[in-house]
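Before any comments, here is the structure.
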Amino acid sequence: MSKQKSNQPKHFLIFTIFLLFLISSYAPAVFEHYAYHDDYSLWYKGPSGELLPLFKILTSIGRGFGAIITLGFQHMVYTISDLNFIRLLCTISYAVCALLLFNWVRPYFTHKINAWLFTAILFTLPPFQSIVGRAVATAISLAMLLSIIAGHCTSKIYQTSTQFRWLYLFYAIGFLLLALLIYQPAAMFYWTMPAFLLLLSPPETKHNSRRRAMLHFLIIGLSSMAIYMVLLKITAQTYNKDLSGIYNPHVLDFHLFKKIIWFIHEPLFNVVNLWNIFPHKNWVIVTITFFLLSLLLSTIRLYQKKVSTKHFFNIFRIIFIFLVFIILSYSPNLLHVYPVAFYRTYLSLSTLLILLWLWNIQNLLSFLPSKIQSSMLTLILLITLSFGSYQCFKNLYLYIVLPNQIELDYATEVFKRNDLIKFNKICIIQPYYSIFGRYDDFGQMSSLYDPILVIQAALQESHKIANRALISHFILYPRMLEFPIDNSTLIFDMRKSQNLHTKLIRDSAQGGEWNYSKNFGEYEYGFKLTDGYSQYIKQLEKLNLMK
């Protein structure tokens with residue numbers, strides 16, 4: 001008991017350091033004023049205080065516990081600024097996850113600092129960026145947290161006396177099942193826990209001990225997934241009318257060979273690019289070359305040491321089991337009839353890849369004198385963390401915060417500059433799909449998805465009260481069609497904010513600053529106009545509604 005009490009201050013200190021690091025890396029998400037499309041479903045409160053039907057939608061797609069959590073968030077958000085607090089909660093949740101992972105991997109590092117650096121690196125990757133960048137996804141971080149707790153409980157089953165094993169068994173299945181009921185892909189982070197044991201355990205670890213651990217993790221993980229599938233089967237008829245397309249979990253597709261090909265070409269291709277959210281095949285070539293070189297050198301050294309054939313067999317068995325964990329970590333998407341490659345589904349997959357990098361780096365460092373191996377690893381991890389933290393900050397700001405901040409500012413300025421008594425209609429011209437868009441995780445503008453909610457939020461941000469006719473009469477203009485305009489129509493051309501975002505991205509790529517001046521009149525349209533469309537633009541300019 002005294003040892004446990006003495007560790008509490010240390011754990012709190014480590015948690016605080018993780019939290020401060022994550023807040024600095026996630027600063028754009030925590031401190032900037034913006035909403036990322038689905039976030040508007042937390043903000044919106046109808047005339048009678050009704051909420052958007054997120055609860056029903058999430059429950060119908062097998063995320064009932066996530067629906068309850070998200071409903072709680074909906075009751076906490078009344079202004080766009082309130083979303084910052086929700087994103088801060090996500091950061092705190094990540095810090096708890098980091099502490100638990102640090103305790104998990106600490107025994108496998110010579111120095112504590114290396115365990116901390118390696119753990120911190122994980123939380124700078126794009127999947128973690130994508131989740132913290134949108135307040136509505138905060139529940140996903142809680143699913144990850146529950147899956148990690150389930151992993152810790154599973155380890156207790158084969159490490160404790162008989163009288164407590166059944167209790168830990170119940171806890172492990174319960175926590176993992178709750179994680180599945182929040183967000184299925186995030187719950188699969190559970191499979192990274194045995195993967196750490198598999199690759200980081202020292203060579204002298206007894207084979208029976210490793211096999212017992214892997215067996216317990218497989219039994220608990222697969223049992224929880226089976227129970228979850230039974231629950232889905234029971235509720236399938238209840239929500240049959242509410243199920244939507246790509247999110248329907250009740251229909252599975254077992255054409256696994258076709259899915260594996262897709263998995264290699266898209267999710268795995270994205271993840272191998274690490275912090276680069278615009279993947280390139282050159283980085284895949286570098287990764288494969290490095291892994292093969294590490295494997296070749298390690299094999300040559302083992303051959304020179306004349307190790308037994310059984311030892312080689314054990315290495316290939318470890319690699320095979322690791323590949324099984326990779327497949328299991330992405331199994332909800334692979335079994336889904338409509339597989340999707342959103343970055344937020346890569347939490348476990350990206351972690352396993354970083355773990356594989358660490359394993360190969362340690363193999364190569366083992367050729368160096370033992371006195372400098374740990375120091376060299378510290379240097380490599382420190383450089384990687386610095387780069388990852390910078391990329392995390394940059395990706396969050398340029399591709400999540402900035403496009404949505406610009407469009408909200410633009411719409412707010414239109415309201416502030418116009419006398420709303422003169423208008424009885426609102427026309428919204430939606431933006432084009434961004435050339436910087438990565439699924440709906442990065443680079444997209446909210447007005448592509450929820451244009452009316454964006455304008456309603458801007459009306460609130462401008463502190464103006466509109467007449468009932470104005471706020472109830474929205475017209476969505478599909479970019480290139482003819483539309484009659486008169487002086488009673490207030491125009492919101494959201495392409496203007498999109499073009500400004502495009503310019504800022506290109507400027508930043510050339511070494512320019514990331515900030516913008518909010519002067520939307522300075523930037524002209526960045527695309528070629530057709531003759532018919534040019535007339536439409538001139539009509540808008542004559543009405544003086546877009547200046």
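Each residue takes its place number in the sequence, starting with 1.
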Taking all heavy atoms of [X] and all of [Y], pick out the closest pair and write down the distance.
| X | Y | value |
| --- | --- | --- |
| Pro185 | Ser348 | O-OG, 4.4 Å |
| Asn404 | Ala35 | CB-O, 3.2 Å |
| Gly133 | Asp39 | O-OD2, 4.3 Å |
| Asp38 | Arg134 | OD2-NH1, 3.8 Å |

(message) Is the positively charged end of Arg87 above the ring of Tyr34, judged by distance under 6.0 angstrom from the centroid and angle within 45° of the axis?
(response) yes
(message) Would Arg344 pass as a cation-pi partner of Phe342, given that its NZ or CZ must be under 6.0 Å from the six-membered ring centre and within 45 degrees of the axis?
(response) yes
(request) Check the angle between the aromatic planes of Tyr40 and Trp43 and answer parallel, tilted or perpendicular using the 30° and 60° thresholds. (result) perpendicular
(message) Is the ring pair Phe263/Tyr330 parallel, tilted or perpendicular, if the boundaries are 30 and 60 degrees?
(response) tilted
(message) Could you tell me if the side chain of Ile220 sits less than 4.5 Å from the side chain of Tyr190, heavy atoms only?
(response) yes
(message) Any non-hydrogen side-chain atom of Leu297 less than 4.5 Å from a side-chain atom of Asn363?
(response) no
(request) Apply the ring-ring contact (aromatic ring centres under 6.0 Å, His included) test between Phe442 and each candidate in Phe278, Trp275, Tyr399, Tyr343; give the one that qualifies. (result)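 By the ring-ring contact (aromatic ring centres under 6.0 Å, His included) criterion, Phe442 pairs with just one of Phe278, Trp275, Tyr399, Tyr343: Tyr343.
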Looking only at side-chain N and O atoms, does [Y] offer a donor or acceptor that is under 3.5 Å from a partner on [X]?
| X | Y | answer |
| --- | --- | --- |
| Gln405 | Glu32 | yes |
| Asn114 | Tyr108 | no |
| Ser93 | Ser141 | yes |
| Asn270 | Tyr346 | yes |
| Thr351 | Thr192 | no |
| Glu461 | Thr412 | no |

(request) Take Gln184 and Arg63 through the side-chain hydrogen bond (donor to acceptor under 3.5 Å, both in side chains) test and state the conclusion after the steps. (result) CA-CA 8 Å; Gln184 304 91 330; Arg63 302 174 188 173; 3.0 Å; yes
(request) Please report the C-alpha distance between Phe18 and Trp116 in whole Å, then the side-chain angles of each, then the deciding distance to 0.1 Å, and finally whether the ring-ring contact (aromatic ring centres under 6.0 Å, His included) criterion is met. (result) CA-CA 9 Å; Phe18 272 123; Trp116 190 93; 5.0 Å; yes
(request) Quick one: do Glu266 and Val340 satisfy side-chain contact (heavy atoms from CB on, under 4.5 Å)? Show the steps, please. (result) CA-CA 9 Å; Glu266 194 160 358; Val340 291; over 6 Å; no
(request) Apply side-chain hydrogen bond (donor to acceptor under 3.5 Å, both in side chains) to Thr124 and Ser389, showing your working. (result) CA-CA 6 Å; Thr124 65; Ser389 180; over 6 Å; no
(message) Would Trp357 and Phe290 count as a ring-ring contact (aromatic ring centres under 6.0 Å, His included) here? Give the steps.
(response) CA-CA 9 Å; Trp357 266 99; Phe290 179 78; 4.8 Å; yes
